[in-house]
Amino acid sequence: MKFNFSERLNKLPAYLFAEIDKMKAQVKAGGVDIISFGIGDPDLPTPKEIVNVLKKESEIDINQKYPSYEGLLEFRESVSGWYDKRFGVSLDPGTEVLSLIGSKEGIGHLPLAFINPGDVVLIPDPGYPVYRAGTVFAGGIPYLMPLLEDNDFLPDFSCIPANILEKAKIMFLNYPNNPTSATADKHFFNEVVKFAKKNGIIVAHDFAYSEIYTGEKENDSFLSVNGAKDIGIEFNSLSKTFNMTGFRIGFAVGNEDVIKGLGAVKTNLDSGVFQAIQLSAAYGLDNEFHVVKDNNSIYKKRRSLLVGGLEKLGYKVYKSDATFYVWAHVPEMNMTSKDFAISLLNETGIIVTPGSGFGGYGEGYVRFSLTISENRIEEALMRMGA
Ligand SMILES: *Cc1c(COP(=O)(O)O)cnc(C)c1O
């Protein structure tokens, strides 16, 4: 018996990395020691203190039951306290904070709460693929906003046609940005608030890399500018901050109605986050941790090693101190990012992510992830001829 996938599933773009995955298996089978810059998952461990809280709390029977839908009040209070301390943003833990099974879950579900068939969602290109998938699953129409290097990878709202704006209901943004590593400041976020208010658009800012920066300047929260809470929410996550990608815990904060809508979708689909995980996450947020600083100083060394080496090899690299990604131009003229990634893998056993995997405007670039050790970065640079 053969079953056809739904139209909505078939509408998603083909999985670009399938070919590279296949090639990787072949190269590996040939005995090559693969060095992967492809992984957006921290190699550094979850802090022991957090793991210990998880161990202890998982033994307590009340934590073994169904959790509450909106998350433990204790966790939401920790989020609210952390947002106040870290970004100067005050949030009501009762109505303006929602726990998520990783921020990916919330991002994917948000359009189900606000999009009717035919409504438009504004999505950055290049960008995290979930914005588009969530939009298509809800019957919405993705409108891609080009992120161009000439504009420091910020969207230019004046280029969006009026007939699109009329139908636009949600706009996704993501700074510090995956894959480009670009950042946004309060000046830009003020423009976003003005634009969204004028056009009646919900802003959903993905702030997954809020704590990953290696320069002097800390990353700005979208919610820290005036009026942001009137029109939007911010997604954040413990995944990158505390190296907790496997725990699956994140949260949405901001506008009460938007949080309510997202929460209503979730009530119908999932049953919340394991309480022991919520309590371990709360511990992480409550305690001023050396770990964020320590991780950032590791990323800083890795970044300067890789960027220095790539530049010596003739790569043109986009300069940023945020995220754990390096976004570089494909060094070979007239080669697509995918062909370049495949030839690099075949010739050196090194994996990079082709920019076109994040959208058409990612073409011409490749992404290196700084989630491997300095030794491996050095080895990679040597193989590439540095
Ligand atoms: C890693 C990542 C996320 C989501 O991480 P979760 O583990 O689901 O919290 C969201 N957005 C971007 C851009 C990411 O890179």
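First listed ligand is number 1; within each ligand, the first listed atom is number 1. Quick note: numbers below take in every heavy atom, side chains included, and nothing from hydrogens, waters or symmetry partners.
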- Query: Donor-acceptor pair, N199 side chain versus F195 backbone, under 3.5 Å?
  - Reply: yes

Just need the protein heavy atom nearest to [atom], so name the residue and atom and give the distance.
atom                    : result
atom 11 (N) of ligand 1 : D206 OD2, 2.6 Å
atom 15 (O) of ligand 1 : Y209 OH, 2.6 Å
atom 5 (O) of ligand 1  : S103 OG, 3.6 Å
atom 9 (O) of ligand 1  : S237 OG, 2.6 Å
atom 14 (C) of ligand 1 : K240 NZ, 3.2 Å
atom 7 (O) of ligand 1  : S239 OG, 2.6 Å

- Distance-only side-chain donor-acceptor flag, D156 / S158, under 3.5 Å: yes

- Message: List ligand 1 atoms under 4.0 Å from G102, heavy atoms only on the residue side.
- Response: 8 (O), 9 (O)

- Atom indices of ligand 1, in the order listed, that fall short of 4.0 Å to a heavy atom of N174: 13 (C)

- Message: Would R248 count as being in polar contact with ligand 1, using the rule that some N or O on each side must be under 3.5 angstrom apart?
- Response: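 In this structure, R248 places an N or O atom under 3.5 Å from an N or O of ligand 1.
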
Tell me whether [X] at atom [atom1] has more than 12 heavy atoms from other residues, nucleotides or ligands lying less than 6.0 Å away.
X    : atom1 : value
K22  : NZ    : no
K229 : NZ    : yes
K167 : NZ    : no

- Item | Whether T245 lies under 4.0 Å from ligand 1, heavy atom | no

- Check whether any heavy atom of F235 sits under 4.0 Å from an atom of ligand 1. no

- Row check, Y325 ring normal vs R367 NZ/CZ: under 6.0 Å, within 45°: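 Yes, R367 and Y325 form such a contact.
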
- Determine the sole option in Y143, Y131, F172 for which the side chain to side chain contact (heavy atoms under 4.5 Å, CB included) test with V121 is passed.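 The option that passes is F172.
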
- Would you list the pairs meeting salt bridge (charged side-chain N to carboxylate O under 4.0 Å, His left out) in which at least one residue belongs to residues 312-323, sequence neighbours left out?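 Qualifying pairs, neighbours excluded: E311-K319.
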
